[in-house]
Amino acid sequence: QQQQQQQHALSRMGTHPQHYQHPQGVARAGSLPDPRSLGHAAGPPQRHRTGSFKQMQLARLTHAQSRGMEHSLNNLRRLNDIRTAKQRTNVEVSDRIRRRREQLKRAITPDVATTDQHVSEPLRAAILSFDAQPSAPTRSSLETLAKHSSKKKAVIGHIDAVFDTKAHPLRAQLELKRDALLRSYSSDDVSASQDTFKAFVKELNALVQYGTDVFLTLYPDVHADHGQATSECVSMTGGRSRPARRFVQQLGKTQGVEAECDDEEDDAEPLNVTHTLRQKVLTTLFCVELWGMIRRLNFAERETILSDRCRSYDQKSISESVLPVPLRLIPPGEEPIPGYEPFHKQIVALRHLDPGLSPTDKLTAVVDIVHACIKVVESYYLDQGERHAVPADELVFILEHVLLKSGRFAFMYEVLGMCEFADQELLIREEGYLLTTFQIVIETTIATASGAADDEPSGVEGSESVDALGQETDSTASASEEIARQSPQIAPDALSASQSAPQVEATGACDSDTSAASQP
């Protein structure tokens with residue numbers, strides 16, 4: 001076809017070999033004869049011209065078809081390239097995800113192997129034997145966990161079943177290590193200092209990590225990567241959830257865990273198993289003796305100043321308190337009756353707060369007390385037909401009044417323990433703000449009391465001030481003996497540890513009954 005097209009093009013241009021004429025009209029040697037000598041007019045025969053036209057049309061049609069086919073093939077190639085690029089991208093993403101998972105597994109495997117080496121064979125055998133008993137609470141929780149390993153309630157139920165059972169070998173092992181840690185810091189050679197307290201905090205955190213790692217090693221059904229950390233706390237606006245509720249409440253019969261898993265849907269938010277385990281281990285380890293050790297390692301003369309301030313403030317009426325007039329909640333034109341106290345319930349609640357609670361549970365309880373104080377003020381003004389929002393400066397006066405009236409002067413050590421061991425997610429929210437406010441109140445009260453004591457005029461050779469301190473010291477000693485007799489829940493180790501520090505009352509670990517007993 002190409003040859004025919006070329007011949008046709010040459011014939012139309014007059015350069016076809018059959019039509020070629022010498023410029024002088026003489027045919028060259030070897031050239032074709034003149035077409036006019038054949039009896040034809042100038043140009044090719046008619047049949048040749050007709051055939052060439054048909055061939056041209058066929059060539060054009062064939063060329064158009066080939067161009068259309070080429071265009072279609074180009075479109076198919078382009079679509080195939082796009083599809084291939086998408087597939088290649090998906091494959092690359094899948095490969096990256098797979099490689100990342102392998103890296104995470106390789107990063108986690110050495111820690112698990114190291115933890116597995118720390119789990120002694122006797123402890124492993126004791127835990128397996130305990131879980132195999134038909135009456136063991138962990139047996140039913142393990143069965144539920146095997147069926148519902150991806151549900152939060154099954155995981156939390158098994159964690160509670162392990163650490164709420166006093167006879168479980170893992171809890172017994174943690175309590176033995178805790179008691180050994182307390183004994184090592186209870187000797188007379190250990191002095192109260194910041195460095196000593198930091199070392200104690202480091203060893204206690206290592207013990208908490210040990211309990212978490214052993215649990216995850218012995219119970220592989222509970223995956224550490226079950227989910228990300230949940231936002232269990234809320235802001236100052238209200239609607240606060242209770243993250244400590246699942247740590248405080250006792251499950252009782254763990255047979256009900258499976259029914260809960262079947263009846264109720266798990267929350268949409270994932271569960272951070274490591275975070276949950278840490279809080280549960282802290283709840284298991286913290287007791288009155290541990291709080292007493294925190295007090296012993298941080299003892300200072302500031303405690304005596306705060307204790308004296310609490311005793312002197314308890315004798316004051318509401319008119320002599322640190323509360324401003326709007327916060328005394330006395331109706332205008334009326335005089336308060338003797339013994340009137342608008343925050344009486346909150347003072348009693350802080351005074352009798354369980355001293356053995358974990359830092360997170362204790363922080364949650366303290367925040368509830370603060371909310372109750374704010375509600376008292378708002379309710380009073382609502383009854384008066386007004387709306388009154390408690391600002392931050394008024395909240396400081398309320399907290400100072402409640403703390404001094406409660407007589408819980410050892411609360412300064414509880415605040416320190418909550419700052420070190422409470423849930424970190426709470427400390428960046430409302431709970432952390434209120435805890436910082438309590439620290440400010442304590443420091444301000446101690447500074448004010450110290451300045452007032454320095455400014456008091458002394459008698460002959462300073463006998464009044466020395467005598468006042470001496471009287472308080474004697475009364476402190478007598479109160480200590482009475483408190484030691486009336487506080488059976490304070491362990492002898494905590495009492496001996498407290499008595500080893502100078503001028504420390506044997507109040508145990510911020511015991512609420514202790515503070516109550518010190519009141520007239």
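Not counting sequence neighbours, the partners of Glu175 by the salt bridge (Lys or Arg N to Asp or Glu O under 4.0 Å) test are Arg171. Taking His344 as the reference, nothing meets the ring pair (Phe, Tyr, Trp, His ring centres under 6.0 Å) condition, with sequence neighbours excluded. Residues that satisfy the ring pair (Phe, Tyr, Trp, His ring centres under 6.0 Å) test with Phe397, not counting sequence neighbours, are absent from this structure. Qualifying salt bridge (Lys or Arg N to Asp or Glu O under 4.0 Å) partners for Glu420, counting only residues two or more places apart in sequence or in other chains: none. In this structure, the ring pair (Phe, Tyr, Trp, His ring centres under 6.0 Å) partners of Phe438, at least two apart in sequence or on a different chain, are Phe411. Annotation: side chain to side chain donor-acceptor pair (under 3.5 Å) contacts of Gln209 (sequence neighbours excluded): Asp213.
In this structure, Arg178 does not pair ionically with Glu289, as no charged nitrogen and carboxylate oxygen lie closer than 4.0 Å. Salt bridge annotation for Arg295-Glu414: absent, with no cationic side-chain nitrogen under 4.0 angstrom from a carboxylate oxygen.
Judged by the 6.0 Å and 45° rule, Lys405 forms no cation-pi pair with Phe343.
Ring to ring, Tyr380 and His388 are not that close: their centroids are 6.0 angstrom or more apart. Trp291 and Phe286 have their aromatic ring centers within a separation under 6.0 angstrom.
Separation of atoms OG (Ser191) and CZ (Phe299) is listed at 13.0 Å; rounding is to 0.5 Å. Summarising the geometry, atom CD belonging to Glu425 is positioned 8.5 Å from atom CD belonging to Gln279; distances are rounded to the nearest 0.5 Å.
Closest non-hydrogen pair, Leu350 versus Arg408, comes out as O-NH1, 3.0 Å. For Leu174 against Gly211, the heavy-atom pair with the smallest separation is CD2-CA, 3.8 Å. The shortest non-hydrogen separation linking Leu142 to His158 is CD2-CE1, 3.3 Å.
A side-chain hydrogen bond (donor to acceptor under 3.5 Å, both in side chains) with Arg278 holds for exactly one of Asn205, Asp423, Thr212; it is Asn205.
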Can you check side-chain hydrogen bond (donor to acceptor under 3.5 Å, both in side chains) on His371 and Glu430, steps first, answer last?
CA-CA 11 Å; His371 285 173; Glu430 176 190 8; 2.3 Å; yes
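Here the side chains of Leu327 and Pro324 are in contact, with some heavy-atom distance below 4.5 Å. The closest side-chain heavy-atom distance from His401 to Glu341 is below 4.5 Å. The closest side-chain heavy-atom distance from His168 to Asp131 is below 4.5 Å. Under the 4.5 Å side-chain criterion, counting only non-hydrogen atoms from C-beta, Asp314 is not in contact with Cys310.
More than 12 non-hydrogen atoms from other residues, nucleotides or ligands lie less than 6.0 angstrom from CD of Glu320. More than 12 heavy atoms of other residues, nucleotides or ligands shown are found within 6.0 angstrom of NZ on Lys316.
Taking the six-membered ring where the residue is Trp, Phe200 and Tyr185 present perpendicular rings, their angle passing 60° and hence far from 30°.
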